[in-house]
Structure formats: structure tokens, C-alpha cells
Amino acid sequence: MPVPVPHQRTVVLPHQAGPVDDACADTAQVAGAPGAGDATAPPASQGSPASDPQQPAEQRLSADRGVPQQGLTLLLIGEDPNSHVPDMWDWAGRKVRLRTARNLTEAERLLTDDVHCILLDLPPRQPHDRTERAPGHGTAPGDELGMLRDVLRMATSHAVLVLTYETDAERAADAVRVGAQDYLFRDELDGAVLSRAVRYAVERKRADLAQRQLTESRMLAQENARLERGLLPTPLLDGSDLRFAACYRPGRSRALLGGDFYDTVRTPDGTVHAMIGDVCGHGPDEAALGVELRIAWRALTFAGLSGDELLATLQKVLEHERADDEIFATLCTVDISADGRRAGLCLAGHPAPLLAQAGERPQLLPYEFGGPALGLLPHARWPRRQVELGGSWSLMMYTDGLIEGRIGKGNQRLGQEGMTELVSRQMAAGLTGEELLDASVREVRDLNGGELTDDVAVLLLDRR
């Protein structure tokens with residue numbers, strides 16, 4: 001059993017300047033008072049870092065690693081609150097604070113944000129007894145490390161050290177495999193060993209948490225990449241003389257995936273169908289909904305639907321798949337005849353495309369015949385307008401991220417007129433295809449004074 005020490009009857013808690021009563025001393029014992037214990041380096045005979053020639057380097061490391069100015073705080077969990085734990089010192093030579101708890105109930109109450117490490121005192125294994133704790137202590141009979149598992153579930157962001165006896169070396173190794181940062185034998189325990197073990201355990205826990213966050217970030221990036229591929233597919237234009245170009249720029253200033261999507265396919269009758277859309281909001285849910293709408297549009301288009309019938313069906317898809325009744329989506333669809341000279345246009349709350357015919361200045365197509373965004377009105381209708389394209393033309397479809405950027409330091413937006421002027425200048429300079437789109441988006445970003453806050457998707461179809 002642990003060697004008892006005289007019961008400390010008067011202690012000073014970190015947030016108090018005076019003594020507390022015996023009841024508090026049993027469960028909230030503090031090794032050293034704040035102030036003198038934190039600011040004064042310990043004698044070399046007590047295992048102080050003051051005798052360590054590496055102390056200046058450790059002090060520098062403590063500042064870099066963000067060690068709190070009041071030093072480390074430990075929580076000892078064990079049946080004997082008077083278990084002997086030698087004095088310990090942190091990176092900067094400050095005395096480590098110690099709290100004690102008899103069981104998990106007390107430990108949960110004392111496990112505040114300023115605790116950095118937990119010392120779990122495992123009792124010696126009794127002969128022919130494979131039970132770690134009796135009923136009522138939160139573990140099941142026969143589970144020797146049940147107490148440790150309970151602590152790990154309770155303290156997911158804290159370093160955990162296991163204290164045991166050398167005769168229990170196998171169980172100590174099992175404790176590390178279960179999730180403890182390290183184990184120590186009480187038979188060989190002294191202040192220098194414990195201080196070093198605690199410091200290393202805290203650093204290992206920080207490294208583990210950082211690695212976990214990095215792994216989660218990578219997985220999220222992979223998920224976002226898959227969603228983006230679903231939003232931005234390869235066009236199916238085999239047999240068409242139209243040229244296709246697209247540009248997509250996520251609004252990374254918000255570090256969230258948006259809901260912009262587009263698609264282009266050619267049906268067996270020679271008609272080229274193009275669409276571009278935008279789900280309101282940012283994030284994986286909106287992106288996933290955008291992928292569903294794009295796939296549904298492609299399937300319905302190949303099934304022969306177009307215009308109002310297609311958009312009404314897409315609205316039903318949105319209504320059944322959206323997470324919130326306030327979610328809506330804007331959409332623009334264009335059906336270009338097999339000869340490439342005419343198109344049917346449907347707008348569902350989306351900005352009108354830009355049409356540049358041979359020898360003429362680019363113009364916005366009419367918007368006044370458009371319908372509401374999908375998901376706003378239960379029985380909405382979306383009229384289909386016929387547009388004459390001519391023999392040679394360029395048709396640019398885009399999301400509102402391209403026109404909502406600011407101009408300079410004021411609140412003025414670029415708008416559709418500003419975008420039309422900008423694209424006209426780029427075309428006059430001889431830019432076409434992807435070069436035209438990249439140059440236009442780059443200039444919009446420069447006018448905004450930096451990255452755009454919203455995603456930008458632009459689709460360009462040319463017939464020469």
C-alpha cells in the first residue's frame with residue numbers, strides 16, 4: 001500500500017489567500033501555496049530544475065509551448081488521499097500544484113481546465129482477484145483497467161500517468177496500450193523522475209492532440225475534394241462542335257465548401273444542355289445538396305425533361321433533401337439546339353447569362369421572364385424563353401460570387417454591369433476560353449482587394 005504522510009489540515013487553494021477547512025483539504029490538497037511556491041525555485045536537493053544545466057532552455061521552451069504562468073496542476077486519483085507524491089517542478093522551476101480525489105466522482109468535480117495531467121494510482125493486484133474496482137466505482141468486475149478507461153473517457157484532453165508497483169509491470173504496459181501516456185513504479189518514485197515524466201506526458205498528449213487534429217483536417221480536405229468533384233463534373237459533349245471552358249474558385253477566406261455547381265451534357269437528339277446553380281449557404285451539407293441537384297438534373301435531362309417540368313422536379317428533390325426549410329437554390333438552364341443557333345433559357349432566381357455575338361458587345365440576356373429560386377414557393381412556375389444566338393457566339397453562365405465582390409475600399413459592388421464591362425475588355429484583348437475566365441476572375445478578385453468571400457463558378461460555351 002502507499003506510504004501515508006501526515007494529514008495536511010490547512011492548505012491554500014489556487015484561487016484563495018487563506019486557509020480552508022478539513023473537508024476541502026481531503027479532496028483539494030495543493031502542493032505549495034500560490035506565490036512563493038510558484039515564483040521561488042526549489043532547492044537542488046528536492047530535484048529542482050534549478051540544479052539542471054538545461055533549465056534556461058526549458059524555460060524558453062515553456063514560453064513557446066504556452067505553459068500557463070501559474071505552472072502545471074496535477075490531479076491525483078487514488079483511494080488514499082494522503083498517498084505520498086514527492087514535490088515536483090515544471091519547466092520554469094515553479095512548484096507543481098497537486099489536487100487529490102478518492103474516486104471518479106470527486107475527480108470529475110476537481111477536473112477543471114487548469115489541470116494538465118492526471119496521476120491514477122492503481123492499487124496492487126490481489127491474488128486471484130481480476131477486479132479493478134468494486135461495484136459503485138464506475139467499472140465492471142473483471143476489468144483490471146476499468147478505472148483507467150473511465151478516466152480516459154472523462155478527461156479526453158488531459159495527459160494521464162499510471163502509478164503502480166513493479167510487480168504489476170505487465171498491467172502497467174497494458175495501461176499504456178489502453179491510452180495512458182506513461183506509467184511509473186511507486187517503488188522507484190522520486191521528485192526528479194516524477195517531474196520529468198509529468199512534463200513529457202503533457203507534451204506527448206499535446207502532440208497526440210495536434211496529430212489528431214491534423215488527421216481530421218486531412219480527412220475533411222479529402223471529403224471536400226470529393227464533394228468538389230461531384231459539384232464540378234466532366235462535361236459530356238461528344239459529337240458537339242461547341243467548345244467548353246469552366247472556372248471554379250472556392251471562397252477559401254471562410255475555409256468552408258460552398259454549394260456552387262454546374263454541368264453540361266449532349267442528348268441523342270443533338271441538343272446541348274447546360275446548367276449552373278448555387279445552394280444558399282456554405283459548408284458540406286450545402287455542397288452535398290448541390291451534388292444531389294446536379295446529378296438529378298443530369299438524370300432528368302437524359303430522361304427527356306426540360307424547362308418548367310425539369311425545374312419543378314428539381315424543386316421536389318430539394319424539398320425532400322434539404323436539412324432546413326429555409327434552404328433554397330438558384331439555377332440557370334440553357335438548352336442549345338442541335339444547329340447551335342437558338343437556345344431555350346430558364347432562370348430560377350439566378351443571374352442572367354452573358355451573350356457575346358460575333359462583332360457585338362456582350363449583353364446580358366433578359367431576366368424579367370425568370371421564376372423564383374427553387375425551394376421558395378411550393379407551386380412556382382419557370383417560363384422558358386427562346387433566345388437567338390446566331391452563327392458565332394460565346395455564352396457565359398456564372399454564380400453571384402462573380403458579381404458581388406466589392407470595388408475598392410467602399411461598399412460598392414461590381415454588379416452585372418461592371419462584370420459585363422470587365423469581360424468586354426478581356427474579349428477585346430483577344431482572350432478566349434479558360435484564359436478569358438481566369439483573367440476575368442483574377443481581375444474581380446483584384447478589384448475586391450483580396451480573396452472573394454463567396455465561391456465563384458463560371459461556365460463558358462463557344463461556337464465559332
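Just so you know, these numbers use all the heavy atoms, side chains as well, and skip hydrogens, waters and symmetry mates.
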**Prompt:** Going by heavy atoms in the side chains, are Met396 and Leu402 under 4.5 Å from each other?
**Reply:** yes
**Request:** Using atom types as modelled and distance alone, determine if a side-chain donor or acceptor of Glu321 lies under 3.5 Å from a backbone N or O of Leu293.
**Result:** no
**Message:** Within the structure provided, determine whether Asn411 and Arg406 are in side-chain contact (heavy-atom separation under 4.5 Å).
**Reply:** yes
**Item:** side chain to side chain contact (heavy atoms under 4.5 Å, CB included) between Val279 and Glu292, worked out
**Value:** CA-CA 11 Å; Val279 177; Glu292 292 183 78; over 6 Å; no
**Donor-acceptor contact present, side-chain Trp297 to main-chain Tyr262, <3.5 Å** = no
**Message:** Within the 4.5 Å heavy-atom criterion, are Arg463 and Ile336 side-chain neighbours or not?
**Reply:** no
**Prompt:** Which heavy-atom pair separates Ala175 from Val162 by the least distance, and what is that distance?
**Reply:** CB-CG2, 3.8 Å
**Side-chain touch Asp308/Pro383, heavy atoms, less than 4.5 angstrom** = no
**Message:** Do the side chains of Asp208 and Lys205 get close enough for a salt bridge, i.e. N-O under 4.0 angstrom?
**Reply:** no
**Message:** When you measure from the side chain of Glu434 to the backbone of Cys247, do you find a donor-acceptor pair of N or O atoms at a distance under 3.5 Å?
**Reply:** no
**Item:** Residue pair Ile77 / Met147, side-chain heavy-atom distance below 4.5 Å
**Value:** yes
**Message:** For Asp278 and Thr399, which I'm curious about, is there any donor-acceptor pair between the side chains at under 3.5 Å?
**Reply:** no
**Prompt:** What's the verdict on side chain to side chain contact (heavy atoms under 4.5 Å, CB included) for Leu163 and Leu76, showing C-alpha distance, side-chain angles and the deciding distance?
**Reply:** CA-CA 10 Å; Leu163 301 179; Leu76 170 64; 4.3 Å; yes
**Request:** Check whether any side-chain heavy atom of Leu395 sits under 4.5 Å from a side-chain heavy atom of Leu365, and report yes or no.
**Result:** yes
**Asked** What distance do His350 atom NE2 and Thr330 atom OG1 have between them, rounded to the nearest 0.5 Å?
**Response** 5.0 Å
**Asked** For Gln416, which residues count as a side-chain hydrogen bond (donor to acceptor under 3.5 Å, both in side chains) partner, sequence neighbours excluded?
**Response** Tyr398
**Item:** Closest contact, heavy atoms only, Leu318 versus Gly375
**Value:** CD2-CA, 3.9 Å
**Fill in**
residues 358-373 vs side-chain hydrogen bond (donor to acceptor under 3.5 Å, both in side chains), sequence neighbours excluded, gives Arg361-Glu421
**Request:** State, to 0.1 Å, how close Val334 and Ala343 come at their nearest heavy-atom pair, and which atoms those are.
**Result:** CG1-CB, 3.8 Å
**Asked** Just how far is it from atom CD of Gln181 to atom CZ of Arg204, taken to the nearest 0.5 Å?
**Response** 7.0 Å
**Message:** Checking side-chain polar atoms at under 3.5 Å, does Ser306 have a donor or acceptor matched by the opposite partner on His273?
**Reply:** no
Below 3.5 Å, can you tabulate the donor-acceptor pairs from side chains in residues 237-244 to any protein atom, sequence neighbours excluded?
unit_1	atom_1	unit_2	atom_2	d
Ser240	OG	Leu242	N	3.1

**Request:** Keeping to residues at least two apart or across chains, list the side-chain hydrogen bond (donor to acceptor under 3.5 Å, both in side chains) pairs with something in residues 338-349.
**Result:** Ser337-Asp339, Asp339-Arg342
**Message:** Donor-acceptor pair, distance only, cut-off 3.5 Å: does the side chain of Thr271 make one with the backbone of Thr267?
**Reply:** no
**Prompt:** Sequence neighbours excluded, which residues qualify as side chain to side chain contact (heavy atoms under 4.5 Å, CB included) partners of Thr105?
**Reply:** Asn103
Ignoring hydrogens and angles, write down the donor-acceptor pairs under 3.5 Å from the side chains of residues 424-433, residues two or more places apart or on other chains.
unit_1	atom_1	unit_2	atom_2	d
Ser424	OG	Thr420	O	2.7
Arg425	NH1	Glu443	OE2	3.2
Arg425	NH2	Glu443	OE2	2.8
Gln426	NE2	Glu443	OE1	2.7

**Prompt:** Which atom names give the shortest non-hydrogen contact between Leu374 and Leu311, and what distance separates them?
**Reply:** CD2-O, 3.7 Å
**Item:** Other residues, nucleotides, ligands: >12 heavy atoms within 6.0 Å of Glu319 CD
**Value:** yes
**Message:** Would Thr112 and Arg99 count as a side chain to side chain contact (heavy atoms under 4.5 Å, CB included) here? Give the steps.
**Reply:** CA-CA 11 Å; Thr112 52; Arg99 299 177 186 173; 2.8 Å; yes
**Prompt:** Between Ala101 and Ala107, which heavy-atom pair has the shortest distance, and what is it?
**Reply:** CB-N, 3.5 Å
**Message:** Just verifying a value: how many Å separate Leu75 CG and His116 NE2, rounded to the nearest 0.5 Å?
**Reply:** 12.5 Å
**Asked** If we only count heavy atoms from C-beta on, is the Arg249 to Leu452 side-chain gap below 4.5 Å?
**Response** no
**Message:** When you compare the side chain of Trp382 with that of Leu314, does any pair of heavy atoms fall below 4.5 Å?
**Reply:** no
**Asked** Once you round to the nearest 0.5 Å, how far does CG of Leu74 lie from CG of Leu161?
**Response** 8.0 Å
**Item:** From Arg384 atom CZ to Leu347 atom CG, the distance as rounded to the nearest 0.5 Å
**Value:** 12.5 Å
**Request:** Would you check, one step at a time, whether the test salt bridge (charged side-chain N to carboxylate O under 4.0 Å, His left out) holds for Arg413 with Asp400?
**Result:** CA-CA 11 Å; Arg413 304 283 183 175; Asp400 57 6; over 6 Å; no
**Fill in**
To the nearest 0.5 Å, atom CG of Leu331 lies from atom CZ of Phe261 at 5.5 Å
**Derivation of the side chain to side chain contact (heavy atoms under 4.5 Å, CB included) call for Leu111 and Ile118** = CA-CA 9 Å; Leu111 188 62; Ile118 295 174; 3.9 Å; yes
